[in-house]
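Take a look at the structure below.
In what follows, chains are A, B, ... by sequence order, proteins preceding strands, each numbered from 1. Remember, it's a predicted structure, so these values are computed and weren't measured experimentally.
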Amino acid sequence: DGKDGVQGHGKCDYETVFTNAKAGMDNVDKDYVRDMVYEMSKNSKFFVNEQQKNQQSDERNKRLKARVEALTQAELNSACQIADRFIDSEDDGRDLSRTFVHVDMDAFFAGIEILKNPDLANVPFGTGSLAMLSTANYEARKYGVRSAMPGFIAKELCRKPSPRSNLKPAELLFVGNYRHGEYSHVSKQIMKVLEGFDPHIKRAGIDEAYLDVTDYMKKHDMTPTQVADKIRSTVENTTVTFLQHPTPAAGLTCSCGVAPNRRLAKICSDIRKPNGHYILPPSRDAILHFVSTLPIRKVNGIGRVSERMLQHVYGVTQCGQLLEHRAAICASLRPLTWKWLMGVGLGL
DNA sequence: GCGGATCAC
DNA sequence: TATGGTGATCCGC
Ligand SMILES: Nc1ccn([C@H]2C[C@H](O)[C@@H](COP(=O)(O)OP(=O)(O)OP(=O)(O)O)O2)c(=O)n1
Ligand SMILES: [Mg+2]
Ligand SMILES: [Mg+2]
């Protein structure tokens with residue numbers, strides 16, 4: 001991801017848009033996708049604009065990096081003390097007593113289309129148009145097709161799959177353009193189902209929610225595994241009946257992450273996607289081990305720009321490194337920002 | 001408040 | 001040929 005030092009080459013700046021990690025895309029030939037996307041994008045106005053934005057953030061990063069390099073040892077020592085005090089107190093206050101579940105639907109828009117037309121289940125398709133896809137089913141993801149990808153590029157990826165893969169050339173289908181209202185309606189019904197597990201569920205976007213299942217588990221004397229299974233089967237069974245279309249073969253599936261806080265639960269729900277769950281035990285050691293090598297980009301709130309900043313300015317690519325670089329980070333970023341980042345490093 | 005920037009689904 | 005719609009937050013002004 002641009003770490004080979006070939007900066008300034010357009011392809012390297014643009015590639016991460018569609019080649020960073022995403023559920024169902026582990027076996028994708030990323031180099032091939034990157035080259036295809038670049039070839040089909042490079043002459044567009046859109047692409048030039050993206051390049052300019054990247055350059056601007058690179059310049060900001062250079063200025064910040066110069067400031068970091070100019071820090072004196074005394075300044076770093078003092079910042080380190082402040083950071084240490086904050087980290088110790090946050091670590092002390094760590095709450096492992098509650099259990100959170102993050103529920104996220106699998107290929108949500110595509111799943112709804114399959115519900116209405118089960119024939120789509122085993123062919124690659126995207127929801128949207130030749131101009132833009134909102135998502136793709138897991139069959140299409142094998143080809144590198146994904147959310148926010150222009151449909152005409154996605155179509156080409158399926159027509160000419162990587163020669164290094166064993167994928168057969170396929171015709172990508174486009175279904176369900178402009179059906180946001182319908183998807184929204186299904187979403188509301190799913191949220192109602194989830195409220196059975198926690199009346200105070202926190203909805204986050206159209207296809208996911210955070211549940212505090214501490215009370216539910218106690219009341220029903222259930223383990224985290226049992227709760228996750230129960231949520232998944234309940235969602236799948238009830239969604240079968242949502243759309244009164246000719247006998248759908250199956251309902252919508254979702255994936256769950258279980259952890260002692262929302263931030264970690266969200267990361268966990270992606271690990272066993274689709275149709276699975278992952279449980280992070282409520283122990284300090286397990287959490288610190290989990291986050292130590294976790295790529296910072298997986299954290300909700302760290303996007304493309306922040307990822308570049310943390311890598312280029314501090315050399316940080318994994319959450320654990322945020323703690324190692326606490327002095328420089330604390331000395332050069334706003335209090336709210338560095339405190340938030342230390343929380344990430346601690347897995348809070 | 002309003003714009004731009006960033007982030008997310 | 002062709003790169004969205006929607007919603008949220010933060011920041012500096
Ligand atoms: N850039 C994006 C990303 C997502 N979506 C819509 C379509 C998705 O179906 C839905 C949910 O987004 P997710 O990120 O959860 O992705 P999916 O549910 O499609 O797939 P996954 O199985 O990886 O969760 O939001 C969108 O319109 N534009
Ligand atoms: Mg989803
Ligand atoms: Mg989601």
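- Taking atom C1' in both B/dC7 and C/dG4, the straight-line distance is 16 Å, to the nearest Å.
- The heavy-atom pair separating A/L71 from A/A331 by the smallest distance is CD1-CB, 3.8 Å.
- Between A/Y210 and A/H102, the ring planes are tilted. Angles from 30° to 60° get that label.
- Identified under the side-chain hydrogen bond (donor to acceptor under 3.5 Å, both in side chains) test for residues 249-258 of chain A, with sequence neighbours left out: A/D106-A/T253, A/D106-A/S255.
- Residue-level contact check: A/F108 touches neither bases nor backbone, having no heavy atom under 4.0 Å from any strand.
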Contact letters for nucleotides 8-13 of chain C, in which S counts primed atoms plus P, OP1 and OP2 and B counts the base, heavy atoms under 4.0 Å: ----S-

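- Inspection of the A/T127 and A/S134 side chains reveals an N or O donor paired with an N or O acceptor under 3.5 Å.
- Applying a 4.0 Å cut-off to non-hydrogen atoms, the residues of residues 144-152 of chain A that approach DNA chain C are A/A148, A/P150, A/F152, listed by residue number.
- The shortest non-hydrogen separation linking A/P260 to A/P282 is CG-CA, 3.6 Å.
- Ion pairing between a basic and an acidic side chain is recognised when a charged N comes within 4.0 Å of a carboxylate O; A/E90 and A/R85 show no such pairing.
- A/N275 and A/R232 share a donor-acceptor pair across their side chains, judged by distance under 3.5 Å alone.
- Sorted by first and then second residue, the salt bridge (charged side-chain N to carboxylate O under 4.0 Å, His left out) pairs involving residues 185-209 of chain A (not counting sequence neighbours) are A/E208-A/K266.
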Nucleic acid footprint by protein, nucleotides 2-9 of chain B - heavy-atom cut-off 4.0 Å, B for base, S for sugar-phosphate alone: ---SSSSS

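- One side chain, A/E75 or A/T72, offers a donor N or O that lies under 3.5 Å from an acceptor on the other.
- Taking A/V316 as the reference, A/I296, A/L310, A/Y314, A/Q321, A/L322, A/H325 meet the side-chain contact (heavy atoms from CB on, under 4.5 Å) condition, with sequence neighbours excluded.
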